[in-house]
Amino acid sequence: MTSAHAAGHAHHHPEPVSPAALRTKAIESLLVEKGLLSRAAIDRVVETYEQDVGPMIGARIVARAWVDPAFKRRLLADGTSAIAELGYGGRGGEHLVVVENTPRVHNVICCTLCSCYPWAVLGLPPSWYKDPAYRSRVVREPRAVLAEFGLRLDPSVEVRVWDSSAEVRYLVLPERPEGTAALTEDELAARVSRDAMIGVTRVEAVVAP
Amino acid sequence: MGWPMNGMSDVGGMSGFGPVRWREGGASFHADWEKTVFAIAFALQAQGIYSVDESRRSVEAMHPAEYLASSYFERWLSAAERLLIEKGVLTEADLAQRLALAQSGELPGEPAGAAPRLAGLVAEVIRDGRSKRRAADPPRFRVGDGVVARNMHPRHHSRLPRYARGRRGRVERVYGGFIFPDSHAHGLGEQPQQLYCVRFDGREIWGDDAEPGTSLSLDLFESYLLPLPEGACRP
């Protein structure tokens, strides 16, 4: 953008605006005019999913399940009700099913048709989860995909892929790693990653110093 | 209904997309306009202007080349534009005219007090947005029943991936009644149906090319399934 161009307008563009950004401005402006949208509503949605709802919620649920066997039983029996005990739920978690990783079974979640994801407990999905590469391959060759994430499973471990093809949402309960007996619930939660709750990695063991 | 079901979105089992780009970290948004598009779609769905099923149907109706050339939120933006035109909320001329204003930097500002109750409504929907419904009929299948996913290629939206069609599996969970996307995506009502989690052995889906010791679990509506006679071979 030239300075002459910038000077000719009451405002300035810090960088070129993409066609998609312009289309978004156009549709936003029309919808506001029709009373179907407001900046306040946009900000409410964005702030919620950028700040309030994210993988830290799933991590707290996992840590609670690790330290409280009765909660874990309720979580695996009825995920929706169990997370409601902790004050969680809502959009993208109304019908939550939690699947448990064990030494014999490894679970991984996906959505081949679009990008269904347990928003209420993990926030919005990472870009790779939405890409055709992950969606096409994780159902066809899950072990190869997991190996690319650095997770090499023994052939004796059964791999279960959950393709979220309706409105049920899945969350993986990772295995509690070794060396964590002395950690508090909060310290445990801090170790649980988003990717482990999708099922593409494990929670790392704590190695004694 | 004129919307092909076998759209580009149904990618399960395809080859050629390359490695998963997880090392990039996977931020949910890559530009501010993506946040706005996400929020616009959320707000429109919260108000019942269009449903999530209609949004998916609209994405699936994209030309395959356009689908692949578009980013995730570009698809959402295209779906919103098409659905708002389809619903008569906006016209193509409205969009073209407003786009020209956006290009010249002459868009009007937001008037004070626009959609005053909307922020509260979206907050409500963030807290709750159930799609579970009472189905008209009791479940036809029980946990452990053998089923076969129908080989179907209807010209409307559906949620039965191609890779599972014609394959035999077992009912793993009975979830109860849910809004039926095939009707709901076309404005034909919720028509709730029983939903099941059905587990398929990897070999049943991919044959000898399956990785050993793998299975796939899909959530399938009752009308996608037929009973498998007892004693039928796999699974």
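Numbers restart at 1 for each chain; the letters A, B, ... are given by sequence-line order, proteins then strands. Computation of the quantities below employed the complete heavy-atom set of this structure, encompassing side-chain atoms and omitting hydrogens, waters and symmetry-equivalent molecules.
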Just so I understand: if I count every heavy-atom pair under 4.5 Å between each of A:E33, A:K25, A:R160 and chain B, which residue has the most?
A:R160

Assert top hit (heavy-atom pairs under 4.5 Å, partner chain B, pool A:G35, A:C110, A:A20) equals A:A20

CZ of A:R64: more than 12 outside heavy atoms within 6.0 angstrom?
no

Any idea which heavy atoms bring B:S78 and A:R23 closest together, and the distance?
OG-NH2, 3.3 Å

For A:V99 and B:R173, the nearest pair of non-hydrogen atoms, with its separation, is CG1-NH2, 4.3 Å

So which part of B:F73 gets closer than 4.5 Å to some heavy atom of chain A, the side chain, the backbone, both or neither?
side chain

Need one label for B:E81: side chain, backbone, both or neither, based on atoms under 4.5 Å from any heavy atom in chain A.
both

Greatest number of heavy atom pairs closer than 4.5 Å to chain B - which of A:S136, A:S18, A:P155:
A:S136

Which portion of B:R75 sits near chain A, non-hydrogen atoms under 4.5 angstrom:
side chain

Do A:V17 and B:W33 have side-chain heavy atoms sitting under 4.5 Å apart?
no

I'd like to verify something: which residue of B:P111, B:P19, B:P181 has the highest number of heavy-atom pairs under 4.5 Å with chain A?
B:P19

Side chain from CB out, backbone as N, CA, C, O: work out which of these in B:L216 comes under 4.5 Å of a heavy atom of chain A, or both, or neither.
both

Looking at side-chain heavy atoms only, is the closest gap between A:K34 and B:V89 below 4.5 Å?
yes

Report the distance from atom OG1 of B:T36 to atom CD1 of A:I42, rounding to the nearest 0.5 Å.
5.0 Å

Based on non-hydrogen pairs under 4.5 Å, which of B:I49, B:D94, B:V59, B:L121 is most in contact with chain A?
B:D94

State whether B:R199 and A:E158 are salt-bridged, where the test is any N-O pair (Lys NZ or Arg NE/NH1/NH2 against Asp/Glu carboxylate O) under 4.0 Å.
yes

I'd like to know if B:R56 pairs up with A:E167 as an ion pair, taking the criterion as any Lys NZ or Arg NE/NH1/NH2 lying under 4.0 Å from an Asp or Glu carboxylate oxygen.
yes

Between B:Y67 and chain A, which part of the residue has a heavy atom less than 4.5 Å away: side chain, backbone, both or neither?
side chain

For chain A, which of B:E74, B:H30, B:M8, B:R21 has the most heavy-atom pairs under 4.5 Å?
B:R21

pair B:S28-A:E50: side-chain heavy atoms closer than 4.5 Å
no

I'd like to verify something: which residue of A:W128, A:Y134, A:Y129 has the highest number of heavy-atom pairs under 4.5 Å with chain B?
A:W128

Are any side-chain N or O atoms of B:E211 and backbone N or O atoms of A:A144, one a donor and one an acceptor, separated by less than 3.5 Å?
yes

I need the A:D52 CG to B:I126 CD1 distance, nearest 0.5 Å.
8.5 Å

Answer with side chain, backbone, both or neither: which region of B:I205 has an atom nearer than 4.5 Å to a non-hydrogen atom of chain A?
neither

One should read off an interatomic distance between B:E34 CD and A:L124 CG, to the nearest 0.5 angstrom, of 11.0 Å

The test is side chain to side chain contact (heavy atoms under 4.5 Å, CB included); show your working for A:R137 and B:F17 and say whether it passes.
CA-CA 8 Å; A:R137 293 180 55 216; B:F17 291 114; 5.7 Å; no

Contact winner vs chain A - B:F38, B:F200, B:F29, heavy-atom pairs under 4.5 Å
B:F38

Taking it one step at a time, do B:T214 and A:E141 satisfy side chain to side chain contact (heavy atoms under 4.5 Å, CB included)?
CA-CA 9 Å; B:T214 58; A:E141 46 177 3; over 6 Å; no

Interchain contact, B:D32 with chain A, by part (heavy-atom threshold 4.5 Å):
neither

I'd like to know whether B:D219 forms a side chain to side chain contact (heavy atoms under 4.5 Å, CB included) with A:Y170, so could you lay out the CA-CA distance, the side-chain angles of the two residues, the decisive distance to 0.1 Å, and finally the verdict.
CA-CA 11 Å; B:D219 295 337; A:Y170 293 89; 2.8 Å; yes

What is the ring orientation for B:F42 with A:W119, classed by angle as parallel under 30°, tilted 30 to 60°, or perpendicular over 60°?
parallel

Could you check whether atom CD of A:E187 has more than 12 heavy atoms from other residues, nucleotides or ligands sitting under 6.0 Å from it?
yes

Highest number of heavy-atom pairs under 4.5 Å with chain A: which of B:G113, B:A114, B:A39, B:G16?
B:A39

Contacting region of B:L107 [heavy-atom separation from chain A under 4.5 Å]
side chain

Heavy-atom distance under 4.5 Å to chain A: side chain of B:V52, backbone, both or neither?
side chain

Side-chain touch B:W22/A:P126, heavy atoms, less than 4.5 angstrom:
no

A:I27 vs B:L90 side-chain heavy atoms within contact, under 4.5 Å
yes

Answer key: most heavy-atom pairs under 4.5 Å with chain B among A:A41, A:C114, A:S165 is A:S165

Residue B:A43 versus chain A: region with a heavy atom under 4.5 Å
side chain

Side-chain contact test, heavy atoms from C-beta onward, threshold under 4.5 Å: evaluate it for B:V20 versus A:V200 and give yes or no.
no

If you look at every heavy atom in B:D209 and A:R140, which pair is closest and at what distance?
O-NH1, 3.1 Å

Given a strict heavy-atom distance threshold of 4.5 Å, which part of B:L84 is in contact with chain A: side chain, backbone, both, or neither?
side chain

Taking A:L30, A:V168, A:L37 one by one, which has the highest count of heavy-atom pairs under 4.5 Å against chain B?
A:L30

Hey, what do you get for CD1 (A:I109) to OG (B:S217), rounding to the nearest 0.5 Å?
12.5 Å

Shortest non-hydrogen contact from A:V46 toward B:K35:
CG2-O, 3.6 Å

Would you mind telling me which of B:L195, B:L160, B:L101, B:L99 has the largest number of heavy-atom pairs within less than 4.5 Å of chain A?
B:L99

Separation of A:T48 OG1 from B:R127 CZ (nearest 0.5 Å):
9.5 Å

So, the part of B:V37 with a heavy atom under 4.5 Å from chain A: the answer is both

